[in-house]
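Down below is the structure, laid out as C-alpha coordinates.
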Number of protein chains: 2
Amino acid sequence: MTRSADRNHDITRVAVSTVIFTVRRTGDAISLSLPLVRRTRDPHEGQWALPGGWLDISESLDAAASRTLAETTGLQPSYLEQLYAFGAVDRSPSRVVSIVYWALLRQDDVDAQVAAHAAAGDAPENVAWFDATDLPGLAFDHNDIVDYALWRLRNKVGYSRIAHGLLADEFTLAELREVYEAILRRRLDPANFRRQAEGSGTLIPTERFRTGSHRPARLYRYNRDVELADHGPLGVRA
Amino acid sequence: MTRSADRNHDITRVAVSTVIFTVRRTGDAISLSLPLVRRTRDPHEGQWALPGGWLDISESLDAAASRTLAETTGLQPSYLEQLYAFGAVDRSPSRVVSIVYWALLRQDDVDAQVAAHAAAGDAPENVAWFDATDLPGLAFDHNDIVDYALWRLRNKVGYSRIAHGLLADEFTLAELREVYEAILRRRLDPANFRRQAEGSGTLIPTERFRTGSHRPARLYRYNRDVELADHGPLGVRA
DNA sequence: TCAAAAGTGTTGCGTTTACACCCATGT
DNA sequence: ACATGGGTGTAAACGCAACACTTTTGA
(Lines give C-alpha, C1' and ligand atoms only; values in the text may rest on other atoms or scores of the structure.)
Protein backbone atom coordinates (compact mmCIF):
# COMPACT_ATOMS: atom_id res chain seq x y z
CA MET A 1 0.00 0.00 0.00
CA THR A 2 2.82 2.40 -0.68
CA ARG A 3 3.46 3.53 -4.22
CA SER A 4 0.59 1.83 -6.05
CA ALA A 5 -1.98 3.07 -3.54
CA ASP A 6 -0.70 6.59 -3.95
CA ARG A 7 -0.94 6.28 -7.68
CA ASN A 8 -4.65 5.42 -7.51
CA HIS A 9 -5.36 9.09 -7.08
CA ASP A 10 -4.39 9.91 -10.64
CA ILE A 11 -5.17 6.82 -12.67
CA THR A 12 -8.41 5.31 -13.86
CA ARG A 13 -8.88 1.67 -12.93
CA VAL A 14 -11.18 -0.81 -14.68
CA ALA A 15 -13.41 -3.11 -12.64
CA VAL A 16 -15.81 -5.84 -13.73
CA SER A 17 -19.04 -6.70 -11.90
CA THR A 18 -21.92 -9.04 -12.65
CA VAL A 19 -25.62 -9.08 -11.83
CA ILE A 20 -26.45 -12.78 -11.48
CA PHE A 21 -30.09 -13.75 -11.63
CA THR A 22 -31.65 -17.00 -10.55
CA VAL A 23 -35.13 -18.12 -9.53
CA ARG A 24 -36.10 -19.21 -6.05
CA ARG A 25 -39.23 -20.90 -4.74
CA THR A 26 -40.76 -19.05 -1.80
CA GLY A 27 -43.91 -20.90 -0.81
CA ASP A 28 -46.05 -21.48 -3.89
CA ALA A 29 -44.69 -18.59 -5.93
CA ILE A 30 -41.26 -18.19 -7.46
CA SER A 31 -39.23 -15.01 -7.49
CA LEU A 32 -36.06 -13.63 -9.01
CA SER A 33 -33.11 -13.55 -6.67
CA LEU A 34 -29.46 -12.66 -6.92
CA PRO A 35 -26.30 -13.12 -4.85
CA LEU A 36 -24.52 -10.18 -3.24
CA VAL A 37 -21.25 -10.00 -1.36
CA ARG A 38 -20.65 -8.01 1.78
CA ARG A 39 -17.80 -5.55 1.42
CA THR A 40 -14.95 -6.14 3.82
CA ARG A 41 -13.10 -2.90 3.19
CA ASP A 42 -13.69 0.72 2.42
CA PRO A 43 -15.35 2.28 0.61
CA HIS A 44 -18.79 1.13 1.77
CA GLU A 45 -17.38 -1.46 4.19
CA GLY A 46 -20.14 -3.69 5.53
CA GLN A 47 -22.61 -2.89 2.74
CA TRP A 48 -23.79 -5.39 0.16
CA ALA A 49 -22.40 -5.10 -3.35
CA LEU A 50 -22.37 -6.89 -6.68
CA PRO A 51 -19.72 -9.58 -7.05
CA GLY A 52 -16.80 -8.38 -9.10
CA GLY A 53 -13.17 -7.45 -9.12
CA TRP A 54 -10.40 -5.67 -10.97
CA LEU A 55 -9.67 -6.37 -14.61
CA ASP A 56 -6.34 -8.14 -15.02
CA ILE A 57 -3.95 -6.67 -17.56
CA SER A 58 -3.91 -9.88 -19.56
CA GLU A 59 -7.54 -11.02 -19.55
CA SER A 60 -10.45 -9.97 -21.72
CA LEU A 61 -13.55 -8.36 -20.25
CA ASP A 62 -15.57 -11.54 -20.74
CA ALA A 63 -12.87 -13.61 -19.05
CA ALA A 64 -12.75 -11.20 -16.13
CA ALA A 65 -16.50 -11.50 -15.69
CA SER A 66 -16.34 -15.30 -15.72
CA ARG A 67 -13.40 -15.36 -13.35
CA THR A 68 -14.82 -13.00 -10.72
CA LEU A 69 -18.11 -14.86 -10.97
CA ALA A 70 -16.41 -18.19 -10.33
CA GLU A 71 -14.40 -16.74 -7.45
CA THR A 72 -17.54 -15.65 -5.63
CA THR A 73 -20.14 -18.25 -6.57
CA GLY A 74 -18.01 -21.13 -7.84
CA LEU A 75 -20.33 -21.58 -10.77
CA GLN A 76 -20.54 -21.17 -14.51
CA PRO A 77 -23.51 -19.09 -15.58
CA SER A 78 -25.76 -20.48 -18.29
CA TYR A 79 -25.90 -17.07 -19.90
CA LEU A 80 -23.55 -14.10 -19.75
CA GLU A 81 -23.88 -10.79 -21.54
CA GLN A 82 -22.33 -7.39 -21.18
CA LEU A 83 -24.78 -4.90 -19.68
CA TYR A 84 -23.22 -1.45 -19.61
CA ALA A 85 -20.08 0.48 -18.76
CA PHE A 86 -20.53 2.78 -15.79
CA GLY A 87 -18.09 5.64 -15.49
CA ALA A 88 -19.49 8.59 -13.56
CA VAL A 89 -16.62 10.46 -11.89
CA ASP A 90 -18.14 10.39 -8.40
CA ARG A 91 -19.35 6.80 -8.28
CA SER A 92 -16.36 5.84 -6.16
CA PRO A 93 -13.76 7.83 -4.17
CA SER A 94 -11.06 6.83 -6.65
CA ARG A 95 -11.73 6.84 -10.38
CA VAL A 96 -13.25 3.51 -11.40
CA VAL A 97 -14.86 2.50 -14.67
CA SER A 98 -16.98 -0.60 -14.14
CA ILE A 99 -17.82 -2.92 -17.00
CA VAL A 100 -20.96 -4.64 -15.76
CA TYR A 101 -22.26 -7.97 -17.02
CA TRP A 102 -25.49 -9.75 -16.29
CA ALA A 103 -25.88 -13.49 -16.05
CA LEU A 104 -28.38 -16.28 -15.54
CA LEU A 105 -27.84 -19.25 -13.26
CA ARG A 106 -29.70 -22.57 -13.51
CA GLN A 107 -31.85 -23.43 -10.53
CA ASP A 108 -30.29 -26.89 -10.17
CA ASP A 109 -26.78 -25.44 -10.29
CA VAL A 110 -27.62 -23.14 -7.41
CA ASP A 111 -28.98 -26.07 -5.41
CA ALA A 112 -25.87 -28.12 -6.13
CA GLN A 113 -23.60 -25.32 -4.99
CA VAL A 114 -25.52 -24.74 -1.78
CA ALA A 115 -25.46 -28.46 -1.00
CA ALA A 116 -21.73 -28.72 -1.70
CA HIS A 117 -20.99 -25.78 0.55
CA ALA A 118 -23.14 -27.20 3.33
CA ALA A 119 -21.35 -30.57 3.09
CA ALA A 120 -17.91 -28.96 3.07
CA GLY A 121 -18.89 -26.64 5.87
CA ASP A 122 -17.48 -23.67 4.04
CA ALA A 123 -20.68 -21.75 3.41
CA PRO A 124 -19.35 -18.31 2.53
CA GLU A 125 -20.19 -15.80 5.25
CA ASN A 126 -19.97 -12.85 2.92
CA VAL A 127 -22.38 -14.04 0.24
CA ALA A 128 -26.15 -13.94 0.55
CA TRP A 129 -29.10 -14.26 -1.80
CA PHE A 130 -31.65 -11.47 -2.05
CA ASP A 131 -34.98 -10.98 -3.73
CA ALA A 132 -34.17 -8.97 -6.85
CA THR A 133 -37.17 -6.70 -6.40
CA ASP A 134 -36.62 -6.06 -2.69
CA LEU A 135 -32.99 -5.12 -2.15
CA PRO A 136 -31.39 -3.22 0.70
CA GLY A 137 -29.28 -0.14 0.07
CA LEU A 138 -26.24 -1.34 -1.85
CA ALA A 139 -22.73 0.03 -2.14
CA PHE A 140 -21.82 2.50 -4.89
CA ASP A 141 -24.46 2.84 -7.64
CA HIS A 142 -25.28 -0.85 -7.52
CA ASN A 143 -29.00 -0.37 -6.89
CA ASP A 144 -29.28 1.52 -10.17
CA ILE A 145 -27.25 -1.15 -11.89
CA VAL A 146 -29.52 -3.95 -10.68
CA ASP A 147 -32.57 -1.99 -11.77
CA TYR A 148 -31.09 -1.61 -15.23
CA ALA A 149 -30.19 -5.29 -15.40
CA LEU A 150 -33.77 -6.17 -14.44
CA TRP A 151 -35.04 -3.90 -17.17
CA ARG A 152 -32.77 -5.59 -19.72
CA LEU A 153 -33.83 -9.04 -18.54
CA ARG A 154 -37.53 -8.15 -18.87
CA ASN A 155 -36.94 -6.70 -22.31
CA LYS A 156 -34.89 -9.60 -23.57
CA VAL A 157 -37.39 -12.15 -22.28
CA GLY A 158 -39.94 -10.54 -24.58
CA TYR A 159 -38.13 -11.30 -27.82
CA SER A 160 -35.82 -14.22 -27.01
CA ARG A 161 -35.91 -17.54 -25.22
CA ILE A 162 -33.26 -16.95 -22.56
CA ALA A 163 -35.60 -17.82 -19.70
CA HIS A 164 -34.53 -21.44 -20.11
CA GLY A 165 -31.20 -20.38 -18.68
CA LEU A 166 -32.84 -20.20 -15.25
CA LEU A 167 -34.21 -23.74 -15.21
CA ALA A 168 -32.70 -27.20 -15.03
CA ASP A 169 -32.11 -29.25 -18.16
CA GLU A 170 -35.61 -30.69 -18.13
CA PHE A 171 -38.66 -28.71 -17.16
CA THR A 172 -42.40 -28.61 -17.61
CA LEU A 173 -44.14 -25.88 -19.52
CA ALA A 174 -45.77 -24.75 -16.30
CA GLU A 175 -42.36 -24.29 -14.70
CA LEU A 176 -41.16 -22.32 -17.70
CA ARG A 177 -44.29 -20.22 -17.61
CA GLU A 178 -43.79 -19.46 -13.93
CA VAL A 179 -40.32 -18.14 -14.74
CA TYR A 180 -41.77 -15.84 -17.38
CA GLU A 181 -44.44 -14.72 -14.93
CA ALA A 182 -41.87 -13.96 -12.26
CA ILE A 183 -39.77 -11.91 -14.68
CA LEU A 184 -42.63 -10.08 -16.36
CA ARG A 185 -44.67 -9.71 -13.17
CA ARG A 186 -47.95 -10.71 -14.81
CA ARG A 187 -49.95 -13.88 -15.32
CA LEU A 188 -49.80 -15.61 -18.66
CA ASP A 189 -52.52 -17.74 -20.17
CA PRO A 190 -51.29 -21.36 -19.89
CA ALA A 191 -52.93 -22.38 -23.17
CA ASN A 192 -51.50 -19.54 -25.21
CA PHE A 193 -48.11 -19.81 -23.54
CA ARG A 194 -47.97 -23.48 -24.48
CA ARG A 195 -48.65 -22.79 -28.15
CA GLN A 196 -46.11 -20.01 -28.32
CA ALA A 197 -43.41 -22.04 -26.60
CA GLU A 198 -44.03 -25.12 -28.72
CA GLY A 199 -44.15 -23.08 -31.88
CA SER A 200 -40.86 -21.34 -31.21
CA GLY A 201 -38.83 -24.35 -32.29
CA THR A 202 -36.56 -24.07 -29.28
CA LEU A 203 -38.19 -26.81 -27.19
CA ILE A 204 -37.69 -30.54 -27.56
CA PRO A 205 -40.38 -32.70 -25.91
CA THR A 206 -39.08 -35.74 -24.04
CA GLU A 207 -40.87 -38.95 -23.15
CA ARG A 208 -40.44 -38.25 -19.46
CA PHE A 209 -43.07 -36.70 -17.24
CA ARG A 210 -43.12 -34.76 -14.00
CA THR A 211 -45.42 -36.63 -11.63
CA GLY A 212 -46.47 -35.99 -8.06
CA SER A 213 -49.49 -33.78 -8.28
CA HIS A 214 -52.37 -34.20 -10.68
CA ARG A 215 -52.03 -35.12 -14.30
CA PRO A 216 -48.35 -35.69 -15.14
CA ALA A 217 -46.77 -32.92 -17.18
CA ARG A 218 -44.44 -33.61 -20.07
CA LEU A 219 -40.83 -32.62 -19.57
CA TYR A 220 -39.16 -30.50 -22.22
CA ARG A 221 -35.55 -29.86 -23.03
CA TYR A 222 -33.98 -26.79 -24.55
CA ASN A 223 -32.84 -27.11 -28.13
CA ARG A 224 -29.17 -26.19 -27.91
CA ASP A 225 -28.91 -25.84 -31.67
CA VAL A 226 -30.41 -22.43 -31.07
CA GLU A 227 -27.83 -20.20 -29.44
CA LEU A 228 -28.54 -19.28 -25.85
CA ALA A 229 -25.54 -17.18 -24.95
CA ASP A 230 -24.90 -13.81 -26.48
CA HIS A 231 -21.51 -13.98 -28.13
CA GLY A 232 -21.21 -10.24 -28.33
CA PRO A 233 -20.71 -7.93 -31.28
CA LEU A 234 -17.61 -9.77 -32.45
CA GLY A 235 -19.37 -13.14 -32.41
CA VAL A 236 -16.55 -14.51 -30.32
CA ARG A 237 -17.10 -17.52 -28.13
CA ALA A 238 -15.55 -16.80 -24.76
CA MET B 1 6.81 10.48 -23.24
CA THR B 2 9.31 9.30 -20.66
CA ARG B 3 7.94 7.68 -17.56
CA SER B 4 4.27 7.59 -18.52
CA ALA B 5 5.03 5.97 -21.86
CA ASP B 6 7.09 3.31 -20.16
CA ARG B 7 4.28 2.66 -17.76
CA ASN B 8 1.81 1.93 -20.55
CA HIS B 9 3.23 -1.56 -20.70
CA ASP B 10 1.69 -2.56 -17.41
CA ILE B 11 -1.44 -0.47 -17.05
CA THR B 12 -4.83 -0.64 -18.73
CA ARG B 13 -5.95 2.59 -20.32
CA VAL B 14 -9.53 3.59 -21.11
CA ALA B 15 -10.39 5.12 -24.48
CA VAL B 16 -13.68 6.42 -25.84
CA SER B 17 -14.71 6.22 -29.50
CA THR B 18 -17.89 7.05 -31.36
CA VAL B 19 -19.59 5.77 -34.50
CA ILE B 20 -21.35 8.81 -35.93
CA PHE B 21 -24.05 8.19 -38.51
CA THR B 22 -25.57 10.69 -40.87
CA VAL B 23 -27.41 10.50 -44.17
CA ARG B 24 -26.05 11.73 -47.46
CA ARG B 25 -27.72 12.25 -50.83
CA THR B 26 -25.92 10.51 -53.65
CA GLY B 27 -27.89 11.11 -56.81
CA ASP B 28 -31.52 10.22 -56.22
CA ALA B 29 -30.92 7.77 -53.37
CA ILE B 30 -29.72 8.50 -49.87
CA SER B 31 -27.21 6.44 -47.93
CA LEU B 32 -25.78 6.21 -44.45
CA SER B 33 -22.35 7.72 -44.05
CA LEU B 34 -19.96 8.33 -41.21
CA PRO B 35 -16.81 10.38 -40.55
CA LEU B 36 -13.45 8.71 -39.97
CA VAL B 37 -10.10 10.19 -39.00
CA ARG B 38 -6.77 9.21 -40.46
CA ARG B 39 -4.32 8.06 -37.82
CA THR B 40 -1.18 10.18 -37.63
CA ARG B 41 0.79 7.88 -35.37
CA ASP B 42 1.40 4.25 -34.64
CA PRO B 43 -0.22 1.86 -34.24
CA HIS B 44 -1.97 1.73 -37.63
CA GLU B 45 -0.51 5.05 -38.80
CA GLY B 46 -2.17 6.18 -42.02
CA GLN B 47 -5.23 3.99 -41.61
CA TRP B 48 -8.73 5.31 -41.05
CA ALA B 49 -10.20 4.97 -37.58
CA LEU B 50 -13.20 6.01 -35.51
CA PRO B 51 -12.95 9.43 -33.86
CA GLY B 52 -12.10 9.13 -30.19
CA GLY B 53 -9.54 9.74 -27.53
CA TRP B 54 -8.45 8.94 -24.02
CA LEU B 55 -10.80 9.22 -21.09
CA ASP B 56 -9.79 12.08 -18.80
CA ILE B 57 -9.50 11.29 -15.11
CA SER B 58 -12.18 13.84 -14.24
CA GLU B 59 -14.80 13.40 -16.94
CA SER B 60 -17.63 10.91 -17.23
CA LEU B 61 -17.82 8.46 -20.14
CA ASP B 62 -20.66 10.43 -21.73
CA ALA B 63 -18.71 13.66 -21.41
CA ALA B 64 -15.66 12.06 -22.98
CA ALA B 65 -17.73 10.89 -25.92
CA SER B 66 -19.20 14.36 -26.43
CA ARG B 67 -15.82 16.02 -26.07
CA THR B 68 -13.93 13.81 -28.51
CA LEU B 69 -16.84 14.12 -30.91
CA ALA B 70 -16.70 17.91 -30.75
CA GLU B 71 -12.94 17.93 -31.16
CA THR B 72 -13.13 16.02 -34.44
CA THR B 73 -16.41 17.16 -35.98
CA GLY B 74 -17.17 20.37 -34.10
CA LEU B 75 -20.77 19.28 -33.73
CA GLN B 76 -23.30 18.20 -31.17
CA PRO B 77 -24.97 14.93 -32.09
CA SER B 78 -28.75 14.78 -31.94
CA TYR B 79 -28.54 11.36 -30.34
CA LEU B 80 -25.84 9.66 -28.35
CA GLU B 81 -25.92 6.23 -26.76
CA GLN B 82 -23.35 3.87 -25.38
CA LEU B 83 -22.77 0.92 -27.70
CA TYR B 84 -20.41 -1.55 -26.08
CA ALA B 85 -17.16 -1.87 -24.17
CA PHE B 86 -14.45 -3.59 -26.19
CA GLY B 87 -11.63 -5.13 -24.22
CA ALA B 88 -9.94 -8.00 -26.02
CA VAL B 89 -6.34 -8.24 -24.88
CA ASP B 90 -4.87 -8.16 -28.38
CA ARG B 91 -6.96 -5.41 -29.93
CA SER B 92 -4.09 -2.97 -29.54
CA PRO B 93 -0.34 -3.34 -28.81
CA SER B 94 -0.83 -1.81 -25.36
CA ARG B 95 -3.79 -2.73 -23.19
CA VAL B 96 -6.76 -0.54 -24.11
CA VAL B 97 -10.40 -0.87 -23.10
CA SER B 98 -12.55 1.17 -25.47
CA ILE B 99 -15.97 2.42 -24.44
CA VAL B 100 -17.69 2.92 -27.76
CA TYR B 101 -20.68 5.17 -28.34
CA TRP B 102 -22.84 5.61 -31.39
CA ALA B 103 -24.43 8.85 -32.45
CA LEU B 104 -26.73 10.45 -34.99
CA LEU B 105 -26.06 13.76 -36.72
CA ARG B 106 -28.71 15.95 -38.35
CA GLN B 107 -28.33 16.42 -42.07
CA ASP B 108 -28.57 20.21 -41.82
CA ASP B 109 -25.92 20.31 -39.08
CA VAL B 110 -23.51 18.42 -41.31
CA ASP B 111 -24.17 20.85 -44.15
CA ALA B 112 -23.61 23.82 -41.85
CA GLN B 113 -20.32 22.45 -40.64
CA VAL B 114 -19.03 21.72 -44.10
CA ALA B 115 -19.98 25.21 -45.25
CA ALA B 116 -18.32 26.81 -42.21
CA HIS B 117 -15.13 24.87 -42.77
CA ALA B 118 -15.09 25.77 -46.46
CA ALA B 119 -15.54 29.47 -45.63
CA ALA B 120 -12.85 29.42 -42.97
CA GLY B 121 -10.53 27.43 -45.21
CA ASP B 122 -9.74 25.02 -42.42
CA ALA B 123 -11.32 21.90 -43.87
CA PRO B 124 -9.72 19.16 -41.77
CA GLU B 125 -7.32 17.10 -43.84
CA ASN B 126 -7.57 14.08 -41.60
CA VAL B 127 -11.33 13.68 -41.58
CA ALA B 128 -13.35 12.13 -44.39
CA TRP B 129 -16.87 10.83 -44.83
CA PHE B 130 -17.45 7.26 -45.96
CA ASP B 131 -20.42 5.19 -46.98
CA ALA B 132 -21.25 3.16 -43.90
CA THR B 133 -21.82 -0.01 -45.90
CA ASP B 134 -18.68 0.29 -48.01
CA LEU B 135 -15.74 0.98 -45.73
CA PRO B 136 -12.03 0.42 -46.32
CA GLY B 137 -9.97 -1.63 -43.89
CA LEU B 138 -9.93 0.33 -40.65
CA ALA B 139 -7.48 0.45 -37.78
CA PHE B 140 -7.82 -1.89 -34.80
CA ASP B 141 -11.17 -3.75 -34.63
CA HIS B 142 -13.05 -0.74 -35.90
CA ASN B 143 -14.66 -2.55 -38.84
CA ASP B 144 -16.33 -4.94 -36.40
CA ILE B 145 -17.38 -2.04 -34.24
CA VAL B 146 -19.04 -0.21 -37.13
CA ASP B 147 -20.83 -3.41 -38.14
CA TYR B 148 -22.16 -3.77 -34.63
CA ALA B 149 -23.24 -0.14 -34.51
CA LEU B 150 -25.06 -0.61 -37.80
CA TRP B 151 -26.78 -3.66 -36.39
CA ARG B 152 -27.88 -1.69 -33.33
CA LEU B 153 -29.10 1.20 -35.44
CA ARG B 154 -31.17 -1.14 -37.62
CA ASN B 155 -32.58 -2.85 -34.57
CA LYS B 156 -33.42 0.34 -32.75
CA VAL B 157 -35.09 1.86 -35.77
CA GLY B 158 -37.52 -1.05 -35.65
CA TYR B 159 -38.95 -0.23 -32.26
CA SER B 160 -38.24 3.46 -31.71
CA ARG B 161 -38.40 6.72 -33.55
CA ILE B 162 -34.76 7.79 -33.49
CA ALA B 163 -34.55 8.15 -37.28
CA HIS B 164 -35.66 11.76 -36.83
CA GLY B 165 -32.22 12.39 -35.39
CA LEU B 166 -30.82 12.24 -38.89
CA LEU B 167 -33.09 14.87 -40.43
CA ALA B 168 -33.51 18.61 -40.07
CA ASP B 169 -36.14 20.10 -37.77
CA GLU B 170 -38.82 19.98 -40.42
CA PHE B 171 -39.19 17.16 -42.90
CA THR B 172 -41.72 15.47 -45.13
CA LEU B 173 -42.93 11.95 -44.53
CA ALA B 174 -41.24 10.90 -47.77
CA GLU B 175 -37.90 12.18 -46.47
CA LEU B 176 -38.40 10.33 -43.22
CA ARG B 177 -39.35 7.20 -45.10
CA GLU B 178 -36.23 7.41 -47.24
CA VAL B 179 -34.14 7.47 -44.07
CA TYR B 180 -35.84 4.34 -42.84
CA GLU B 181 -35.33 2.71 -46.22
CA ALA B 182 -31.64 3.56 -46.22
CA ILE B 183 -31.19 2.12 -42.74
CA LEU B 184 -33.29 -0.99 -43.24
CA ARG B 185 -32.17 -1.54 -46.84
CA ARG B 186 -35.68 -2.24 -48.13
CA ARG B 187 -38.55 -0.33 -49.64
CA LEU B 188 -41.47 0.64 -47.43
CA ASP B 189 -45.02 1.16 -48.56
CA PRO B 190 -45.62 4.94 -48.46
CA ALA B 191 -49.25 4.53 -47.43
CA ASN B 192 -48.57 2.16 -44.55
CA PHE B 193 -45.52 4.14 -43.46
CA ARG B 194 -47.61 7.28 -43.29
CA ARG B 195 -50.20 5.67 -41.05
CA GLN B 196 -47.61 4.21 -38.74
CA ALA B 197 -45.69 7.45 -38.44
CA GLU B 198 -48.80 9.54 -37.84
CA GLY B 199 -50.14 7.04 -35.34
CA SER B 200 -46.98 6.99 -33.29
CA GLY B 201 -47.76 10.29 -31.64
CA THR B 202 -44.22 11.55 -32.14
CA LEU B 203 -44.94 13.74 -35.16
CA ILE B 204 -46.46 17.21 -35.17
CA PRO B 205 -47.87 18.36 -38.53
CA THR B 206 -47.08 21.95 -39.46
CA GLU B 207 -48.89 24.27 -41.85
CA ARG B 208 -45.81 24.49 -44.05
CA PHE B 209 -45.28 22.46 -47.20
CA ARG B 210 -42.29 21.32 -49.20
CA THR B 211 -42.83 22.51 -52.74
CA GLY B 212 -40.80 22.21 -55.91
CA SER B 213 -41.79 18.95 -57.48
CA HIS B 214 -45.30 17.63 -57.78
CA ARG B 215 -47.98 17.88 -55.15
CA PRO B 216 -46.61 19.77 -52.12
CA ALA B 217 -45.88 17.59 -49.12
CA ARG B 218 -46.74 18.64 -45.59
CA LEU B 219 -43.78 19.31 -43.32
CA TYR B 220 -43.69 17.61 -39.97
CA ARG B 221 -41.77 18.33 -36.81
CA TYR B 222 -40.60 15.93 -34.17
CA ASN B 223 -42.49 16.02 -30.88
CA ARG B 224 -39.75 16.72 -28.38
CA ASP B 225 -42.02 15.80 -25.50
CA VAL B 226 -41.11 12.25 -26.39
CA GLU B 227 -37.53 11.65 -25.44
CA LEU B 228 -35.14 11.19 -28.32
CA ALA B 229 -31.85 10.66 -26.55
CA ASP B 230 -31.17 7.62 -24.48
CA HIS B 231 -30.31 8.88 -21.03
CA GLY B 232 -28.75 5.60 -20.05
CA PRO B 233 -29.54 3.24 -17.24
CA LEU B 234 -29.23 5.95 -14.63
CA GLY B 235 -31.62 8.25 -16.47
CA VAL B 236 -29.08 11.03 -16.24
CA ARG B 237 -29.17 13.92 -18.63
CA ALA B 238 -25.61 14.57 -19.76
C1' DT C 1 -53.64 17.08 -69.80
C1' DC C 2 -50.40 14.14 -68.15
C1' DA C 3 -46.89 12.28 -65.07
C1' DA C 4 -45.77 11.66 -60.52
C1' DA C 5 -45.87 12.11 -55.81
C1' DA C 6 -49.23 13.10 -51.80
C1' DG C 7 -52.59 11.19 -49.34
C1' DT C 8 -57.05 7.93 -48.30
C1' DG C 9 -59.74 3.56 -48.26
C1' DT C 10 -60.34 -1.28 -48.18
C1' DT C 11 -59.38 -6.01 -47.95
C1' DG C 12 -57.06 -10.16 -46.53
C1' DC C 13 -53.97 -12.63 -43.65
C1' DG C 14 -51.45 -14.03 -39.67
C1' DT C 15 -50.79 -13.40 -34.74
C1' DT C 16 -52.48 -12.66 -30.26
C1' DT C 17 -56.01 -12.95 -26.68
C1' DA C 18 -59.84 -14.71 -24.26
C1' DC C 19 -62.16 -18.48 -22.78
C1' DA C 20 -64.84 -22.88 -23.28
C1' DC C 21 -63.89 -27.49 -23.06
C1' DC C 22 -61.88 -32.31 -22.54
C1' DC C 23 -58.08 -35.39 -20.31
C1' DA C 24 -55.54 -37.80 -16.72
C1' DT C 25 -54.06 -38.38 -12.26
C1' DG C 26 -53.71 -38.26 -6.80
C1' DT C 27 -56.48 -38.15 -3.00
C1' DA D 1 -66.04 -38.99 -7.55
C1' DC D 2 -63.94 -34.94 -7.75
C1' DA D 3 -60.71 -31.31 -7.60
C1' DT D 4 -56.85 -29.71 -10.07
C1' DG D 5 -53.64 -28.77 -13.26
C1' DG D 6 -52.40 -30.66 -18.17
C1' DG D 7 -53.59 -30.02 -22.69
C1' DT D 8 -56.82 -28.86 -27.10
C1' DG D 9 -60.18 -26.08 -29.82
C1' DT D 10 -62.15 -21.91 -31.40
C1' DA D 11 -63.67 -17.42 -32.33
C1' DA D 12 -63.11 -12.47 -31.78
C1' DA D 13 -59.81 -8.62 -31.98
C1' DC D 14 -55.92 -6.59 -33.50
C1' DG D 15 -51.96 -5.23 -36.35
C1' DC D 16 -49.82 -5.30 -40.60
C1' DA D 17 -49.03 -5.76 -45.63
C1' DA D 18 -50.82 -5.25 -50.23
C1' DC D 19 -52.89 -2.51 -53.43
C1' DA D 20 -56.68 0.18 -55.67
C1' DC D 21 -57.98 4.69 -55.70
C1' DT D 22 -58.42 9.96 -55.32
C1' DT D 23 -56.01 14.56 -54.95
C1' DT D 24 -52.85 18.13 -56.18
C1' DT D 25 -49.24 20.16 -58.10
C1' DG D 26 -45.31 21.29 -62.00
C1' DA D 27 -44.27 20.95 -66.57
Side-chain angles (χ1 to χ4, degrees), chain A residues 23 25 27-30 154-161 163-164 167-168 170-221, chain B residues 23 25 27-30 154-161 163-164 167-168 170-221:
Chain A
V23 286
R25 289 214 86 87
D28 55 343
I30 69 172
R154 293 193 171 114
N155 250 37
K156 194 129 193 170
V157 135
Y159 63 87
S160 77
R161 295 278 148 207
H164 307 95
L167 290 170
E170 295 191 335
F171 48 85
T172 67
L173 287 180
E175 289 164 353
L176 183 60
R177 177 170 48 79
E178 283 175 65
V179 171
Y180 274 87
E181 290 177 342
I183 294 172
L184 299 174
R185 290 172 302 180
R186 62 188 173 92
R187 310 295 256 156
L188 300 174
D189 184 306
N192 296 330
F193 181 84
R194 162 179 304 274
R195 265 183 295 261
Q196 237 183 282
E198 283 177 334
S200 73
T202 60
L203 290 184
I204 302 173
T206 72
E207 289 310 313
R208 291 165 37 78
F209 291 81
R210 172 96 69 227
T211 181
S213 54
H214 306 283
R215 173 172 172 177
R218 184 180 295 276
L219 289 171
Y220 287 79
R221 175 185 300 282
Chain B
V23 287
R25 289 214 85 90
D28 55 343
I30 70 171
R154 291 190 173 117
N155 252 36
K156 195 126 193 171
V157 134
Y159 63 87
S160 77
R161 296 278 149 207
H164 308 95
L167 290 171
E170 294 191 335
F171 48 84
T172 67
L173 287 180
E175 289 164 354
L176 183 60
R177 177 170 49 80
E178 283 176 66
V179 170
Y180 274 87
E181 290 177 343
I183 294 173
L184 298 174
R185 290 173 302 181
R186 62 190 173 89
R187 308 296 258 160
L188 300 175
D189 184 306
N192 295 330
F193 180 84
R194 162 180 303 275
R195 264 183 294 262
Q196 242 186 275
E198 283 177 334
S200 74
T202 59
L203 291 185
I204 301 172
T206 72
E207 289 309 315
R208 291 164 39 78
F209 291 82
R210 172 95 68 227
T211 183
S213 53
H214 307 281
R215 174 172 172 177
R218 184 181 294 275
L219 289 171
Y220 288 79
R221 174 185 299 282

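Computed from heavy atoms alone, side chains included, the values below leave out hydrogens, waters and symmetry copies. Order of the sequence lines fixes the chain letters, A, B, ..., with proteins taken first and strands second; residue numbering starts at 1 for each chain.
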Please give, in whole Å, the distance from D/dG7 P to A/L173 CG? 7 Å
Output the rounded distance in Å from CD (B/Q196) to P (C/dT8). 16 Å
Integer-rounded Å distance: D/dC19 P and B/R187 CZ: 15 Å
Measure the spacing between CZ of B/F171 and CZ of B/R177 and express it to the nearest 0.5 Å. 13.5 Å
Do A/L203 and A/R161 have side chains that approach each other closer than 4.5 Å (heavy atoms only, starting at C-beta)? no
Checking B/E170, B/R208, B/E198 against B/Y220 for side chain to side chain donor-acceptor pair (under 3.5 Å), the one that qualifies is B/E198
Nearest atoms (heavy-atom pairs only) where B/L173 meets B/R194: CD1-NH1, 3.4 Å
Is any side-chain heavy atom of A/R210 closer than 4.5 Å to one of A/R218? no
Write down the protein N/O and nucleotide N/O pairs, taken from nucleotides 19-25 of chain C, whose separation is under 3.5 Å; answer none if there are no such pairs.
unit_1: C/dC23; atom_1: O2; unit_2: A/R215; atom_2: NH1; d: 2.8

Expressed in angstrom and rounded to an integer, what is the separation of B/F209 atom CZ from C/dA6 atom C1'? 10 Å
Between D/dT25 (C1') and B/R218 (CZ): distance, integer Å: 15 Å
Just how far, in rounded Å, is P of C/dA18 from CZ of A/R194? 18 Å
Distance, rounded to the nearest Å, where A/F193 contributes CZ and C/dA18 contributes P: 16 Å
Round to a whole Å and report the spacing from OH of B/Y180 to P of D/dC16. 13 Å
So, the side chain of A/R154 versus the backbone of A/I183: is there a donor-acceptor pair under 3.5 Å, distance only? yes
